[in-house]
Every structure is written in structure tokens, then in C-alpha cells.
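Numbered from 1 within each chain, the chains take letters A, B, ... in sequence-line order.
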Amino acid sequence: MSDIALIQNIAEYAGKTVTIQGWVADKTDKGKLQFLRVRDGTGVIQATLFHKAVSPEAFDLAKRVPQESSVRVTGEVRQEPRAPGGYELAVTDFQAVQLARDEFPITPKEHGIEFLMHNRHLWLRSSRQHAILRIRATIIKAIRDWLDDNGFMLMDTPILTPASVEGTTTLFETDFYGDPAFLTQSGQLYNEANAMAFGKVYCFGPTFRAEKSKTRRHLSEFWMVEPEWAFGTLDDYMNVAERMVSYVAQTVLQQRAAELQVLERDTSFLEKIVPPFPRISYDDAVKIIKEKGDANFKWGDDFGAPDETLISEQFDRPVFVHHYPTAMKAFYMAPDPERPEVCLSADLLAPEGYGEIIGGGQRSDNLEYLEAQLEKHKLPREPYEWYLDLRKYGSVPHCGFGLGIERTVAWICKLEHVRETIPFPRMLDKIYP
RNA sequence: UCCGCGAUAGCUCAAUCGGCAGAGCAUGCGGCUGUUAACCGCAGGGUUGGAGGUUCAAGUCCUCCUCGCGGAGCCA
């Protein structure tokens, strides 16, 4: 048998005979000429079978091979302008590994979202899903590369936790040797302990929220990267976040141009994603909403989706909104010393209506303040004892943020819904496949 | 949880005032040596989401249920 080649490297094999192992994505029957589009996971290549060039058995097999059968196809790689991708395989041998037993549900024609989601395990084979999930992988790698190269250390935080971070949102409860335990909503609190031990850290992993949210921006299980560092301030956080997000955008632009093209994503928007990002205060954001949107918006209200869209529409790159009302944010956010009704927090709103992709800020380093906040938020003290310890032994100003991977992917790919940004999305009441 | 829309062939959809259940794609068979979501011919394929009701007659009207989609709130 000839060498196994990957389709992504096919140009290197021009003039040579190779074998491709993959699946029949599509085919065209022209009588004594068969065209098969073969996909191997790294790309798609057209395999051309002339009746005279292969054995009668191989030709007959190609004629009746159903869509998504697994195959081995051998032939000479040649440049061919008429073939999609510019190269084709002039087939000399063709074998089936398995003939698909039933009609493949997903055809090159249109399908509804309900049907596609039910067949998510098969939908993953389509070119659009390949483009999105490759970009997801590139985004994750870019984030981790940037953090690793800028002195942050990966420290994974637990998935099973005894208590909620925010205390309010809904948790998935599990049984932990007879006691309740909860799937994590955030690595935040543990990250603070890690930062006091190692200085600059980040965690990266799945988080779980049992919110009854049914929107294009929500998943029950989503991935989040959370940097956290000692001696960091609100401004430090915004500086780090904008550099990291810019690096991600530029990396996707450089490495995933072909995938962005499959998604018909205009790449000029990506070129604009460079520091500095605009920064406005919550107060200023409220002014914008009152002037251009909801005149009845009151200081202290949280932004709704239309409000976030309105704010982000004022800028051509992501915008930080900082100094939110203290009452709106998590108990651990540091209050502004000059103006305690607002806190040293900031969210990053993505352009084009994609909403909040980062939330973060400076954490309170004051023991008495946090004790009072726990009471105010009606949180039990005992599960937070260890967290309060961090303010007893060398407490320092520190900051951090969490970036939602799926929302970032949806924004960069300009997708309608986050459900396509993860291989198997978990959504309200939906856990199949 | 609330508001709105929807469910008809494997898929995407049509069916006029309540009056014979339709098309394209997919599939099967036949034809074609350059197809790009090929094309041409033929064929098979239906408990109209479920339960009940009104009517001479229900895919169509009414009630309840189930499921899905879009949006809101909440959040990353």
C-alpha cells in the first residue's frame, strides 16, 4: 500500500501516489466517471474515478457507495483547477472500510436547527462545524499561549465544590459521599488562594450554571479562562484583558483565514481588535442608554441585552464598562475607596451585540469588609472560612477576570447562537446527544 | 418562569372559505468521461406531534397535553 497522506498536506504530494483514509462526504455519478468528495478530518479532496483506470469491482463500489461510508482511496495527487481546492486524486484503487448501513441524515441541503441539534454527533462532520471548532481550538490555544508567555501559571481549580461563589445563581447539585456538593460556577475563589501562593495564575475549565436561561448566549455547561494575580488593580486587569483578547483576535486572523472564509466572516473587523479598548464608566453607560435608548433606565439597574448592544454599538472594538454599582456585583468585589457605592469592577462588552465576554475586577483585600459582605448577601460564614484566611495572612490588592470561551468564539465567528461553538452543547433541559 | 410562533413524507416546506395529501431534495432503478447543492427519465415513500370535541366532512375550527423555535429576565 502507498503512503497515507493527510488532505491538509496534499500539495506536498503532487505527482505522487498516496492513500487517503476517510469518509465519503458527497459524490457525483457521471456514468463511466465517478467523483467522490472524501473527507479525512483535515480537509476534503475530490477523488476522480475513471471506469478504465480502476478494477471493475472498485468502480462498481464507487458507484454504489453511500454517503458517509468509510473508505480508503489510492491514487495520484495532481493539480486540477476544476477540482474544489485545486487538487484531486486520480484514483487507481478504492476500498470500503464500511458501507454506511442507512441513509445519512444530514444531506448537503438545508435542515432545521432542531433536526441538526438532534443529530449533533453527525453534524460535526460538516464543513461549517469544522471551521467553527477549529477556530475554537485556535482561540483556546492563543489564550493559553498568551498567559503562559506573560508569566501566568496554570492552576486548575476544583469542579466539585461545597458552596457557590456568587451565592445567587442556580447550582447543579450532586451527591458527594452522602453530602451535597455543587458543580463549580467559577474557579474564582480558589484562584485567589492560588494567586496568594504563586502570584500570577489562571484556571481553565468547564463551569456549570443551572440557570433557566434560554437565549442565544447561554449554555448550562461552558468553558471559562480565569486569570487572577496578586498586587493587580482594576487598571491592571483591563490592560491585561485587552492585550490578551487582541492577541487572540490577531492569531485567529493569521491562522484561520480559510475557516473565517467558510463562515463568510468579514475579517476587517478582526484587524481593528488591538489595544487600547475604549473604557467608559457605568455612569457614562447609563447616560448613553438614557439618551439613545431607554429614557426610563435608572442608575443601579443592570443592563439588559438591548442596553449592552446599544453601548457596544458606539465603538468599533470591545468596550470596558467599569465602576458598576457595588450592590449589583459579587460580594468579593472591592468598593471604590472614594465612592463605596461603586466597585472596582469592569465587564468587557463585545461588538455587534455579542454582549459580555469578560467580567472581572479588583477583589476586596479587607477582612472586615468581606465579613460584612457575607452577612449582607446572607451567605453562611463557615464554607468561606478558608477564603477569609487569605485576608489574614498577607492580604494584598489583587484582581482577576473570567472570559467565556463560547461567547468569544460566537463573536469572532459571528454566529447566531453559542450552541455551535462547542461540540456537544448542554442547554436548558437538553442533554442529548 | 413569562410572552410570542410553530409541529404535514427521511429532510425543507406547500395545501385558497372546512371539501381528492402535494412539491423539491434525499432514497431505489435506468442513462451520461469533468461534476461542483450536476443533469435527464421512472419508482417507492403519510396514524398530518398526542388525547378529546364541533361537523355530512377536520391538516385546517375549539379544549387540554407534549415537544421545538424566537425573545425576556439572569448571567460569561
Legend entry - side-chain contact (heavy atoms from CB on, under 4.5 Å) partner of A:Gln185, chosen from A:Leu171, A:Thr207, A:Thr170: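 Among A:Leu171, A:Thr207, A:Thr170, the one that satisfies the side-chain contact (heavy atoms from CB on, under 4.5 Å) with A:Gln185 is A:Leu171.
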Inset, instruction - Examine B:rC69: is either OP1 or OP2 under 4.0 Å from a nitrogen or oxygen in the side chain of A:Lys430? Give yes or no. - result: yes
Legend entry - OP1 or OP2 of B:rG70 under 4.0 Å from side-chain N/O of A:Arg419: yes
Classify the side chain of [X] versus the base of [N] as yes if they form a donor-acceptor pair under 3.5 Å and no if they do not.
X: A:Ser213; N: B:rC74; value: yes
X: A:Arg407; N: B:rC75; value: yes
X: A:Lys109; N: B:rA26; value: no
X: A:Asp29; N: B:rC32; value: yes
X: A:Glu88; N: B:rG34; value: yes
X: A:His111; N: B:rC11; value: no

Under a 3.5 Å cut-off for both distances, is [N] Watson-Crick or wobble paired, and to whom?
N: B:rU36; result: none
N: B:rC61; result: B:rG53
N: B:rU66; result: B:rA7
N: B:rA26; result: none
N: B:rC2; result: B:rG71

Inset, instruction - Quick one: closest heavy-atom pair of A:Trp299 and A:Val342, and the distance? - result: CZ2-CG1, 3.7 Å
With a 4.0 Å cut-off on heavy atoms, is [X] in touch with a base, just the backbone sugar-phosphate, or nothing at all?
X: A:Gln46; answer: base
X: A:Phe222; answer: base
X: A:Lys27; answer: nothing
X: A:Leu219; answer: base

Inset, instruction - Decide salt bridge (Lys or Arg N to Asp or Glu O under 4.0 Å) for A:Glu68 and A:Arg125; before the verdict, give the C-alpha distance in whole Å, the side-chain angles of both, and the deciding distance to 0.1 Å. - result: CA-CA 9 Å; A:Glu68 288 302 324; A:Arg125 303 183 184 195; 2.8 Å; yes
Legend entry - Distance in angstrom units between A:Arg426 CZ and B:rC75 P, rounded: 25 Å
Legend entry - Rounded distance in Å - CZ (A:Phe401) to P (B:rA76):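 My rounded result for the distance is 14 Å.
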Legend entry - Centroid separation A:Phe50 to A:Phe59 less than 6.0 Å: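 They do not qualify: ring centres at least 6.0 Å apart.
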Inset, instruction - Could you tell me whether A:Tyr384 and A:Phe331 have their ring centroids closer than 6.0 angstrom? - result: yes
Legend entry - Whole-angstrom distance between B:rG22 and B:rC64, as gauged at atom C1': 31 Å
Inset, instruction - Pick the P atom in B:rG18 and in B:rG59, then give their distance to the nearest Å. - result: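 Comparing P positions in B:rG18 and B:rG59 gives a spacing of 13 Å.
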Inset, instruction - Output yes if the stacking criterion (under 5.5 Å between centres, under 30° between planes) is met for A:Phe35 over the base of B:rG34, else no. - result: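 A:Phe35 vs B:rG34: stacking no.
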Legend entry - B:rC17 glycosidic torsion: syn (within 90° of 0) vs anti: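 Here the answer is syn: the torsion falls within 90° of 0.
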Legend entry - Closest listed nucleotide, where the reference is the side chain of A:Lys30 and the choices are B:rC32, B:rC75, B:rU1: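 Shortest atom-to-atom distance from the side chain points to B:rC32.
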Inset, instruction - Examine the side chains of A:Glu88 and A:Thr48 and answer whether a donor and an acceptor come within less than 3.5 Å of each other. - result: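 Their side chains do contain a donor-acceptor pair, which is all the 3.5 Å distance test asks for.
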